[in-house]
Amino acid sequence: MHDPSGGIRSSGEVRTELMKLIPRLRRFALAMTGSRADGDDLVQDALERALRRLDQWRPGTRLDSWVFRIAKNLWIDQVRSRRARERIVVGDPDADAPGIDGRGAMDAALTLSKALQVLATLPEEQRIVITLVQIEGFTYREAAEILGIPEGTVTSRLVRARAAIEAQVLGEDDGR
């Protein structure tokens, strides 16, 4: 699913590959920001920066990892800026969640909906890791590279995120 971008030869091909990343970047940005509008703004900023700095991308390396890292760094900068102004915006747990199509069985749809609501309430570092690994399909090592953290930290954040989701989703079902 994640092809290395070593076969890309021209800036036009790179631009085409960047456009193909938009749906994945939107999911990642939504997980970080908790808001579709903020997520879309972040995606736009990340793509603009990637296009401006295309000369910094090394052919033969993964274009998707490079762009995801740009988005993550932009988000960190935005959060720091907000903190400096003491205006941190909390993610909207009722925001539309990706992946719900309504065609599945009612129980599966309700479980998915609840899991996505719980995902929105997780600490940012857990939301980001679970989005990269579980939703986007990056390996632990790739997620660690994107985030600039040790692979063991990715693992521990995933364990905590999965446990929190499971406890809240299944805990509710047990009480019925």
Side-chain angles (χ1 to χ4, degrees), residues 1-6 8 10-99 116 119-158 160-161:
M1 184 169 161
H2 301 287
D3 294 333
S5 300
I8 296 175
S10 71
S11 66
E13 289 174 328
V14 173
R15 291 174 199 282
T16 299
E17 291 303 312
L18 284 173
M19 296 307 110
K20 290 179 183 177
L21 289 175
I22 290 174
R24 294 175 53 211
L25 279 170
R26 288 185 78 207
R27 288 189 299 265
F28 180 60
L30 174 62
M32 283 192 291
T33 65
S35 158
R36 282 203 185 275
D38 290 343
D40 286 346
D41 289 344
L42 180 60
V43 168
Q44 180 177 342
D45 292 345
L47 290 173
E48 285 176 2
R49 180 167 291 178
L51 288 169
R52 277 193 320 271
R53 298 181 178 180
L54 203 50
D55 61 317
Q56 295 178 7
W57 174 68
R58 293 184 317 262
T61 62
R62 291 186 53 142
L63 183 65
D64 58 353
S65 293
W66 181 69
V67 177
F68 274 71
R69 200 168 21 257
I70 289 171
K72 185 231 7 157
N73 290 338
L74 283 170
W75 176 244
I76 289 170
D77 291 346
Q78 289 175 12
V79 169
R80 286 179 182 153
S81 175
R82 285 184 185 140
R83 284 185 182 145
R85 292 186 314 260
E86 298 182 351
R87 293 185 332 142
I88 297 178
V89 178
V90 178
D92 178 6
D94 296 325
D96 292 330
L116 291 169
L119 176 64
T121 66
L122 292 177
E124 179 182 315
E125 67 271 359
Q126 291 177 17
R127 277 196 326 263
I128 291 170
V129 169
I130 206 159
T131 300
L132 285 172
V133 174
Q134 294 298 132
I135 298 174
E136 293 305 324
F138 285 102
T139 65
Y140 289 20
R141 176 174 287 140
E142 292 166 342
E145 287 175 13
I146 289 169
L147 299 172
I149 59 176
E151 197 172 330
T153 303
V154 169
T155 302
S156 64
R157 289 178 183 176
L158 275 171
R160 287 192 305 272

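- By the 30° and 60° cut-offs, the orientation of the rings of Phe138 relative to Phe68 is perpendicular.
- Of the possible donor and acceptor atoms, none in the side chain of Ser65 sits under 3.5 Å from a partner among the backbone N and O of Arg62.
- Taken to the nearest 0.5 Å, the CZ atom of Arg15 stands 5.0 Å off from the CG atom of Leu51.
- Among all heavy-atom pairs drawn from Ala29 and Val43, the shortest one is CB-CG2, 3.7 Å.
- Salt bridge present: Glu136 and Arg24 bring a charged side-chain N and a carboxylate O closer than 4.0 Å.
- With a 4.5 Å cut-off on side-chain heavy atoms, Thr155 and Tyr140 count as touching.
- From Glu124, atom CD reaches atom CE of Met32 across 7.5 Å, with rounding to the nearest 0.5 Å.
- Counting heavy atoms from C-beta on, the side chains of Arg53 and Ile70 never come closer than 4.5 Å.
- Annotation for Ala161 and Ile130: closest pair CB-CD1, 3.9 Å, computed over non-hydrogen atoms.
- Judged by distance alone, with hydrogens and angles left aside, the side-chain atoms of Gln126 form no donor-acceptor pair with the main-chain N or O of Pro123 at under 3.5 Å.
- Closest approach of Leu42 to Ala71, counting heavy atoms only: CD1-O, 3.7 Å.
- Using modelled atom types, one side-chain atom of Arg69 and one backbone atom of Glu145 make a donor-acceptor pair closer than 3.5 Å.
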May I have the step-by-step check of side-chain contact (heavy atoms from CB on, under 4.5 Å) for Arg49 and Asn73, ending in yes or no? CA-CA 11 Å; Arg49 180 167 291 178; Asn73 290 338; 5.6 Å; no

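- Atoms CD and OG1, from Gln78 and Thr33 in turn, are 9.0 Å apart once rounded to the nearest 0.5 Å.
- To the nearest 0.5 Å, atoms OG1 (Thr153) and CD (Glu151) are separated by 10.0 Å.
- The shortest heavy-atom contact between Leu63 and Val14 is CD2-O, 4.0 Å.
- For the pair Lys72 and Ile146, the tightest heavy-atom approach, listed with the atom from each and the gap, is CE-O, 3.1 Å.
- How far CG of Asp45 is from CG of Asp77: 10.5 Å, rounded to the nearest 0.5 Å.
- When all heavy atoms of Leu158 and Val129 are compared, the pair lying nearest together is CG-CG1, 3.4 Å.
- Summarising the geometry, atom CG belonging to Leu30 is positioned 12.5 Å from atom CG belonging to Leu25; distances are rounded to the nearest 0.5 Å.
- Residues Leu21 and Leu47 are not in side-chain contact: their nearest non-hydrogen atoms beyond the backbone lie 4.5 Å or more apart.
- Residue Arg26 places its CZ atom among 12 or fewer non-hydrogen atoms of other residues, nucleotides or ligands, all under 6.0 Å distant.
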